[in-house]
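Taking it in order: structure first as structure tokens, then the write-up.
Scope of the values below: all heavy atoms of this structure, side chains included, with no hydrogens, waters or symmetry mates. Numbers here simply count residues along the sequence, with the first being 1.
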Amino acid sequence: MSDTNADFQQELSLWEAASQSSDPKLTIQYLEKYPSGSYSQLAEARLDTLLAKRGEKRVEIKSSPNNPFSAGSASGVMKYSIGDSYSYVKKDLLTEIKVNSTTERVTKVSDSEITMNDGRKVLDLMGNELISPNEHYLTPAQFFAVEYQLGKKWVTRFGWRKSDGVDSNLEMEFKVTGREKIKTPAGEFNAFVVEGWGYVEGGNKFEMKYWIDPDNCNRPIWFDRVSKNKRRGHIISAQRNELVSFKQAKS
């Protein structure tokens, strides 16, 4: 992760320039300078898109769930279509009480963004939120990967406006820790398990864990978020978004 805010701003400036350019040279420049940077997953996905427009196609390694010697791998660059929908129930992990339910419907698809519910939520092609009804991201975050395989690691740092209106930075590390066959109301999945942890700048510890099966569903099956007191370690909040049903053109 970046050692200082100045380092982060320098990296962010290069990524912003690359993300707005149709020339892959800037994206390649970013990846050469920051191969494990805060935007490396986003940059890899963008480079694939730019090269594809030039007729170059990335070789995708198919998952091999039946191979006992490998957990396989899967592309994290999703293929959405207008009309796809994903219904979630949010639960409190400590009490098991249902907090609310939501349905995300794809209403627009571009080369770089997925618009849901007429703009109330906007994702990049890997599923990272650019606009959210519940969070305010000041800079891009990469919770999801360009490709999933056991042991893969990546990091992210992003600007974030907290619920109290205070702007801060959050740094996190992610790792694909396993692959599990799970059965849920939405169906059966061979899901990669991804765990993330980090700290809000000057604040609490933040943990994430999600299960995702990119070959069968674009969105995560379960997504847990836990906030802990930095000093004492006790849980402040713990919630799970659980996919209960979905419809997509490729399923």
Side-chain angles (χ1 to χ4, degrees), residues 1-51 76-77 111-113 121-148 151-177 194-210 223 225-233 236-237:
M1 292 186 181
S2 300
D3 295 327
T4 66
N5 284 334
D7 292 335
F8 175 55
Q9 289 302 321
Q10 185 178 40
E11 180 185 357
L12 175 61
S13 294
L14 180 55
W15 167 242
E16 286 179 335
S19 65
Q20 295 168 15
S21 174
S22 59
D23 190 334
K25 289 181 180 178
L26 279 179
T27 303
I28 293 171
Q29 182 182 342
Y30 172 86
L31 286 169
E32 288 176 342
K33 188 169 184 178
Y34 302 103
S36 300
S38 296
Y39 307 104
S40 59
Q41 300 301 299
L42 304 175
E44 287 184 34
R46 179 160 182 77
L47 182 59
D48 289 343
T49 299
L50 293 175
L51 292 178
V77 181
D111 289 342
S112 59
E113 295 182 352
K121 176 177 284 191
V122 179
L123 313 174
D124 65 26
L125 297 185
M126 293 182 292
N128 298 292
E129 293 182 359
L130 302 173
I131 297 174
S132 169
N134 303 313
E135 309 285 357
H136 191 162
Y137 297 99
L138 304 176
T139 59
Q142 52 179 25
F143 300 151
F144 300 105
V146 69
E147 184 178 40
Y148 293 93
K152 180 183 177 71
K153 298 179 181 179
W154 67 96
V155 300
T156 191
R157 174 172 174 162
F158 56 96
W160 179 49
R161 181 162 295 158
K162 297 185 288 184
S163 58
D164 59 7
V166 176
D167 292 352
S168 187
N169 291 317
L170 199 156
E171 296 189 41
M172 298 193 72
E173 300 178 12
F174 286 89
K175 182 179 180 180
V176 181
T177 58
V194 180
E195 298 184 57
W197 54 92
Y199 290 91
V200 177
E201 191 173 58
N204 296 317
K205 185 177 182 181
F206 202 68
E207 296 178 356
M208 291 183 179
K209 185 175 182 179
Y210 63 86
F223 198 120
R225 297 178 184 230
V226 179
S227 178
K228 294 182 177 180
N229 182 275
K230 184 176 181 180
R231 293 183 178 179
R232 298 181 181 179
I236 299 171
S237 65

From L14 CG over to Q9 CD, what is the distance, rounded to the nearest 0.5 angstrom? 13.0 Å
Does this structure show an ion pair linking E195 with K175, if we count only N-O contacts that are shorter than 4.0 Å? no
Working to the nearest 0.5 Å, report the span between CG of L130 and CG of L123. 7.0 Å
Min side-chain heavy-atom separation F144-D124 under 4.5 Å: no
Beyond-backbone contact of P140 with W15, side-chain heavy atoms, under 4.5 angstrom: yes
Rounded to the nearest 0.5 angstrom, the CD-CG distance for Q10 and L12 is 11.0 Å
Would you call the rings of Y210 and F174 parallel, tilted or perpendicular, where under 30° means parallel and over 60° means perpendicular? tilted
For the residue pair Y30 and Y34, categorise the inter-ring angle as parallel (less than 30°), tilted (30 to 60°) or perpendicular (more than 60°). tilted
Can you list everything that forms a side chain to side chain contact (heavy atoms under 4.5 Å, CB included) with I131? Sequence neighbours excluded, please. V122
For E207, the salt bridge (charged side-chain N to carboxylate O under 4.0 Å, His left out) test, sequence neighbours excluded, returns K205, K228
For K121, give me all partners under salt bridge (charged side-chain N to carboxylate O under 4.0 Å, His left out), at least two apart in sequence or on another chain. E104, E129
Contact summary for Y39 and R157, nearest pair of heavy atoms: OH-O, 3.6 Å
Shortest non-hydrogen contact from M172 toward L170: CG-CD2, 2.9 Å
With sequence neighbours excluded, residues passing side chain to side chain contact (heavy atoms under 4.5 Å, CB included) with S40: L31, Q142
Which pair of heavy atoms, one from S227 and one from N204, lies closest together, and at what distance? OG-CB, 4.1 Å
Supply the atom-to-atom distance H136 NE2 to D167 CG, rounded to the nearest 0.5 angstrom. 7.5 Å
Is any side-chain heavy atom of E173 less than 4.5 Å from a side-chain heavy atom of W197? yes
Residues at least two apart in sequence or cross-chain that pass side chain to side chain donor-acceptor pair (under 3.5 Å) with E113, listed by chain then number, are none
Would the distance check show the side chain of E11 and the main-chain N or O of G37 forming a donor-acceptor pair, the cut-off being under 3.5 Å? no
Please report the C-alpha distance between R161 and L138 in whole Å, then the side-chain angles of each, then the deciding distance to 0.1 Å, and finally whether the side chain to side chain contact (heavy atoms under 4.5 Å, CB included) criterion is met. CA-CA 7 Å; R161 181 162 295 158; L138 304 176; 4.0 Å; yes
Within a strict 4.5 Å, meaning less than it, do heavy atoms of the L42 and M126 side chains meet? yes
What residues form a side chain to side chain donor-acceptor pair (under 3.5 Å) with S237, not counting sequence neighbours? none
Could you go through the side chain to side chain contact (heavy atoms under 4.5 Å, CB included) check for V146 and W154 one step at a time? CA-CA 10 Å; V146 69; W154 67 96; over 6 Å; no
Minimum heavy-atom separation for L50 and S21, please, with both atom names. CD1-O, 4.1 Å
Approximate separation, where rounding is to 0.5 Å, of W160 CH2 and N169 CG: 11.0 Å
Non-hydrogen atoms of D111 and T49 that approach each other most closely: O-CG2, 4.1 Å
Between G159 and T139, which heavy-atom pair has the shortest distance, and what is it? N-OG1, 2.7 Å
